[in-house]
**Q** 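My structure is below; once you've seen it, I'll send some questions.
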Amino acid sequence: MSGAGGPSHFARIVPIMPVSSPVPDPRGRFGPFGGRYIPETLVRALDQLAEQYAAANRDPSFRAELEELYRNYVGRPSPLYHARRLSRKVGGAQIYLKREDLNHTGSHKINNTLGQALLTMRMGKRRVIAETGAGQHGVATATACAHFGLECVVYMGEEDIRRQRPNVFSMRLLGAEVRPVGSGSRTLRDAINEAMRDWMSSVETTHYCLGSVMGPHPFPVMVRDFQSVIGREAREQCLDQLGRLPDLIVACVGGGSNAGGIFFPFIDDKQVALLGVEAGGRSTRPGDHAAPLNFGRPGILHGSYSYVMQDDDGQTCPVHSISAGLDYPGVGPEHSYWKEIGRASYATASDDEVLEAFDVLARTEGIIAALESSHAVAKAIDEAARRPADQIVLVNLSGRGDKDAAEIARLRGVEF
Ligand SMILES: *Cc1c(COP(=O)(O)O)cnc(C)c1O
């Protein structure tokens, strides 16, 4: 919890550990990254969560219940779609889309919130809190809570409330309370600060449903596991439909959950290249982007050691992205690890490239993608253009773009 939002609640300890496999270790370290940098008050809750999660994983009825929800409530498996017109237009490799935008609530976030809602009930808790940036995680959490009859409070920065109005209204329709956060940059990182503050005083009765592969152990590994349904399905679909694995997988990276979810089941397939795309924003100057893996350095943010955008004093820098869901100065520790060992690479897409990719996909394929996902589409188009027609580029289309229509209209100065 470092940064301009107030004094840090978490000790600034820099762990020195060699990069090693397998990961994570029992303390949640991916090489030197991850771990737990938290106040005393949360240790018990995180231990309980780790234990309950391990027990749930061993319990076939837990997996069966989650799988049933994925199938009949979320609408999984999400399709693997050959974007033929886009591929032809680009004139290189074949582009395939993993259609997480078609999930109930419109993004991959629901894969995680249903898993955590089931765990909440196993722990005997009835109240759930969450942070949200674009509002997708807030809506997915509110949805899971409505489904199970759990109380739900969502923290959201005032700037994000302004640019993602439809999702704010949806959360309220679903019975959740949306609490505006007016501190700091009034965006995602401030919302996480407030959610953690709430949790420290309510941990006995409340589960914090974190929305990405970040934060203290066990969140990074647990959220990655819930999201890895994306990659497991995609791997099977590639083998069934194409008879082989893709050459490259591209996904956008905010906290890193949709990327982690699609990458993880392919980690041992060394012939499959993995490319994460961070928010390149307006320029490469600090404050103009949200790309810690490209421009940051390791540090502690929100309870975990990973790449962070920070100044010389270790204070978290302001960040910018056109997409609220990527507007975050940190990234999940496993991505820092994959970068360090060279298993995945990480590029950026600028706001302008993203808007162009958004238009191209809408007009060639009839798919309005989220601005977050359009980062992945932009880099996938560049990569496909440089590859021969017999190669396969798989893009994780993490969400749909209806929520972004008003913001795009505002940016273009047209009426909504
Ligand atoms: C939240 C969100 C993201 C960014 O979060 P990750 O944890 O990096 O996946 C990306 N795409 C969509 C559609 C989102 O809602």
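Just follow the structure's listing: the first ligand is 1, and inside any ligand the first atom is 1. This structure is a prediction, so every number in the text was calculated from the model and none was measured.
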**Q** N/O to N/O below 3.5 Å, does that happen between G254 and ligand 1?
**A** yes
**Q** Kindly confirm or rule out an N or O of S373 lying under 3.5 angstrom from an N or O of ligand 1.
**A**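 No.
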**Q** Between D101 and ligand 1, which part of the residue brings a heavy atom under 4.0 Å of the ligand: side chain, backbone, both or neither?
**A**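 The answer is neither; D101 stays 4.0 Å or more away.
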**Q** Does an N or O from L326, backbone or side chain, lie closer than 3.5 Å to an N or O of ligand 1?
**A** no
**Q** Would you say A259 contacts ligand 1, with heavy atoms under 4.0 Å as the rule?
**A**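 So A259 does not count as touching ligand 1.
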**Q** Between H302 and F219 (judged by ring centroids, cut-off 6.0 Å), do the two rings come close enough to count as a pair?
**A** no
**Q** Does ligand 1 have any atom sitting under 4.0 Å from a heavy atom of R400?
**A** no
**Q** Go through the structure and list residues passing ring pair (Phe, Tyr, Trp, His ring centres under 6.0 Å) with H207, not counting sequence neighbours.
**A** none
**Q** Quick one: does A134 get a heavy atom under 4.0 Å from ligand 1?
**A** no
**Q** Note the single closest protein heavy atom to atom 12 (C) of ligand 1, along with its residue, its atom name and the distance in Å.
**A** S398 OG, 3.5 Å
**Q** Considering residues at least two apart in sequence or located in another chain, which fulfil the side chain to side chain donor-acceptor pair (under 3.5 Å) criterion with E100?
**A**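 E100 satisfies side chain to side chain donor-acceptor pair (under 3.5 Å) with R76, S78, N103, N111 only.
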**Q** Does NZ or CZ of R224 fall inside the cone over F264's six-membered ring, less than 6.0 Å from its centre and within 45° of the axis?
**A**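 So R224 does make the cation-pi contact.
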**Q** What protein heavy atom is closest to atom 6 (P) of ligand 1, reported as residue, atom name and distance in Å?
**A** S257 N, 3.3 Å
**Q** Donor-acceptor check, side chain of T113 to backbone of A140, threshold 3.5 angstrom: yes or no?
**A** yes
**Q** Tell me yes or no: between the side chains of T206 and R127, is some donor less than 3.5 Å from an acceptor?
**A**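 Yes, a side-chain donor-acceptor pair sits under 3.5 Å.
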**Q** From the options K109, Q136, M214, H137, select the one whose nearest heavy atom is closest to atom 1 (C) of ligand 1.
**A** K109
**Q** Against heavy atoms of G325, which atoms of ligand 1 measure under 4.0 Å?
**A** 4 (C)
**Q** Quick check against the 3.5 Å criterion: does D288 have a side-chain atom that pairs as donor or acceptor with the backbone of R282?
**A**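 No, because the side chain of D288 does not come within donor-acceptor range (under 3.5 Å) of the backbone of R282.
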**Q** Can you list the atoms of ligand 1 that are under 4.0 Å from a heavy atom of G399?
**A** 13 (C)
**Q** Is there a donor-acceptor pair closer than 3.5 Å between any side-chain N or O of N396 and the backbone N or O of L97?
**A** no
